[in-house]
Undergrad: 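Provided herewith is a single structure, encoded as structure tokens, for subsequent inquiry.
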Amino acid sequence: ISYQYDQSWLSKFESDKKTIQTKITFVNINDERYLLKFPFTILELINYLNFNKNVIVIDYNGLILAKDLWKQTSLKNEDSLEILSIAGGG
């Protein structure tokens, strides 16, 4: 059986490629690549992932991000996060 398909969507995709790329965000979290389909702030992501905000530190693109900035810092395409847990010991 021969399968024929319409390739007209290819040119539409190419013309809309820039628009599509601005709506999809790829981020690296703890050295794993993730696709975010919706915009997230750091705080929203931490809440979504169910982290205890009292015992973590966020390395955002190589810098430690102060907790008071989590709510206003939106994740952008190709951002890199390291979520570091603080562990007590003795």
Side-chain angles (χ1 to χ4, degrees):
I1 296 175
S2 174
Y3 180 71
Q4 298 292 324
Y5 58 93
D6 180 11
Q7 290 186 332
S8 62
W9 65 272
L10 288 172
S11 60
K12 174 126 177 81
F13 174 77
E14 287 301 319
S15 66
D16 290 344
K17 195 173 189 179
K18 186 173 183 179
T19 303
I20 290 168
Q21 287 176 340
T22 59
K23 292 182 181 179
I24 295 175
T25 303
F26 290 97
V27 295
N28 295 306
I29 303 172
N30 294 351
D31 295 323
E32 295 286 332
R33 190 163 172 86
Y34 291 90
L35 166 68
L36 303 180
K37 294 182 180 181
F38 303 100
F40 275 97
T41 64
I42 300 286
L43 181 60
E44 290 169 333
L45 180 67
I46 295 306
N47 288 334
Y48 178 78
L49 296 173
N50 204 29
F51 277 96
N52 180 345
K53 293 178 280 298
N54 297 319
V55 296
I56 62 170
V57 174
I58 302 294
D59 176 328
Y60 176 66
N61 294 327
L63 300 171
I64 300 300
L65 189 65
K67 285 186 181 186
D68 59 341
L69 296 177
W70 293 4
K71 186 175 183 177
Q72 64 195 45
T73 304
S74 296
L75 290 167
K76 298 178 295 300
N77 197 40
E78 299 301 330
D79 275 347
S80 179
L81 290 177
E82 292 290 328
I83 302 171
L84 308 165
S85 296
I86 300 170

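Keep in mind that what you see is a predicted model, and the values were worked out from it rather than measured.
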Undergrad: Any side-chain to backbone donor/acceptor pair from Asn30 onto Ile83? Under 3.5 Å, distance only.
TA: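 Between the backbone of Ile83 and the side chain of Asn30 there is a qualifying donor-acceptor contact (under 3.5 Å).
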
Undergrad: Tell me whether Leu75 shares a hydrophobic cluster with Leu49, the cluster being built from Ile, Leu, Val, Met, Phe, Trp, Tyr side chains joined at under 4.5 Å.
TA: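 Yes, Leu75 connects to Leu49 through the hydrophobic network.
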
Undergrad: For a 4.5 angstrom cut-off between non-hydrogen side-chain atoms, does Ile29 reach Leu81?
TA: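 Yes, close enough: below the 4.5 Å cut-off.
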
Undergrad: Quick one: side chain to side chain contact (heavy atoms under 4.5 Å, CB included) partners of Tyr48, sequence neighbours excluded?
TA: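 With sequence neighbours excluded, Tyr48 shows a side chain to side chain contact (heavy atoms under 4.5 Å, CB included) to Phe40, given in chain and number order.
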
Undergrad: Would you say Ile56 and Val27 are hydrophobically clustered, going by side-chain heavy atoms of ILVMFWY under 4.5 Å?
TA: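 Shared cluster, yes.
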
Undergrad: State the CH2-CD1 distance between Trp70 and Ile42, to the nearest 0.5 angstrom.
TA: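 Taking CH2 in Trp70 and CD1 in Ile42, the distance rounds to 8.5 Å.
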
Undergrad: If hydrophobic clusters are built by linking Ile, Leu, Val, Met, Phe, Trp and Tyr wherever their side-chain heavy atoms come under 4.5 Å apart, do Leu45 and Phe51 end up in the same one?
TA: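 Shared cluster, yes.
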
Undergrad: For a quick test of your reading: what N or O donor-acceptor pairs under 3.5 Å do the side chains of residues 58-68 make, sequence neighbours left out?
TA:
from	atom 1	to	atom 2	distance (Å)
Asp59	OD1	Gly62	N	2.9
Asp59	OD1	Leu63	N	3.4
Tyr60	OH	Lys76	NZ	2.8
Tyr60	OH	Asp79	OD2	2.8
Asn61	OD1	Ser80	N	2.7
Asn61	ND2	Asp79	OD1	3.0
Lys67	NZ	Lys53	O	2.5

Undergrad: With a 4.5 Å cut-off on side-chain heavy atoms, are Lys71 and Thr41 touching?
TA: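 A side-chain contact is absent here, since even the closest heavy-atom pair is not under 4.5 Å.
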
Undergrad: Val57 vs Ile86, test: side-chain contact (heavy atoms from CB on, under 4.5 Å). Steps then yes/no.
TA: CA-CA 7 Å; Val57 174; Ile86 300 170; 3.7 Å; yes

Undergrad: Can you tell me if Gln72 uses its side chain to pair, donor with acceptor, with the backbone of Leu69 under 3.5 Å?
TA: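 Checking the backbone N and O of Leu69 against the side chain of Gln72, no donor-acceptor pair under 3.5 Å is found.
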
